[in-house]
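Notes follow once the structure below has been shown.
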Amino acid sequence: MTTDKYTEALTPDVIEKFKTAVEIGKWADGKKLSQEQRETCMQAVIAYEHQNVEETERTAYVPPKPTPCAPGDESEKPVKWAK
């Protein structure tokens, strides 16, 4: 089965359950996710959203800055490390 076939089989409800499981580290019944399950759920969410969700609405979307490496607002200050 191809990735497209898998993502076609996913529903918005299943994707929300996967997101929640990844966020809290366990399934709705309280069982802990294994590392492999966490990775698989994240891959499923990414693949599903890539095909079905607008880019600006996808999980972890960060809007681009107007210019590359543009400074942030004036409240951002560089980190100064103590010696």
Side-chain angles (χ1 to χ4, degrees):
M1 190 179 255
T2 66
T3 303
D4 292 338
K5 294 288 183 190
Y6 282 117
T7 55
E8 287 174 13
L10 295 171
T11 65
D13 184 50
V14 169
I15 291 300
E16 285 305 313
K17 288 178 182 180
F18 283 1
K19 284 183 188 180
T20 300
V22 169
E23 288 171 9
I24 64 174
K26 50 186 160 180
W27 296 109
D29 66 1
K31 292 181 183 173
K32 185 178 177 183
L33 263 74
S34 68
Q35 185 61 32
E36 183 179 4
Q37 289 172 326
R38 176 171 273 191
E39 290 170 6
T40 301
C41 287
M42 288 191 308
Q43 289 173 358
V45 169
I46 291 166
Y48 175 85
E49 288 185 350
H50 183 74
Q51 288 187 345
N52 299 291
V53 179
E54 290 293 324
E55 181 180 12
T56 57
E57 299 299 317
R58 293 180 192 158
T59 301
Y61 172 76
V62 177
K65 291 185 176 183
T67 58
C69 300
D73 62 34
E74 296 302 316
S75 66
E76 291 184 17
K77 296 189 178 12
V79 175
K80 294 190 180 188
W81 298 98
K83 292 184 180 181

Measuring from atom SG of Cys41 to atom CD of Glu23, what distance do you get when rounded to the nearest 0.5 angstrom?
11.5 Å
Can you tell me how far the CD atom of Glu16 sits from the OG1 atom of Thr11, to the nearest 0.5 Å?
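Here the rounded value is 10.0 Å.
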According to side chain to side chain contact (heavy atoms under 4.5 Å, CB included), who are the partners of Lys31, at least two apart in sequence or on a separate chain?
Trp27, Asp29
Pairs in or reaching into residues 51-61: which pass salt bridge (charged side-chain N to carboxylate O under 4.0 Å, His left out), with residues at least two apart or in two chains?
none
Only pairs under 3.5 Å count here: list side-chain donor-acceptor contacts from residues 42-52, not counting sequence neighbours, and write none if there are none.
from  : atom 1 : to    : atom 2 : distance (Å)
Glu49 : OE1    : Thr59 : N      : 2.8
Glu49 : OE1    : Thr59 : OG1    : 3.1
Glu49 : OE2    : Lys19 : NZ     : 3.0
Glu49 : OE2    : Thr59 : OG1    : 2.8
Gln51 : OE1    : Thr7  : OG1    : 2.6
Gln51 : NE2    : Asp4  : OD1    : 2.6
Asn52 : ND2    : Tyr48 : O      : 3.0

Could you tell me whether the side chain of Phe18 reaches within less than 4.5 Å of the side chain of Thr40, counting heavy atoms only?
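A side-chain contact under 4.5 Å is absent here.
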side-chain hydrogen bond (donor to acceptor under 3.5 Å, both in side chains) partners for Gln35, two or more places apart
Glu39
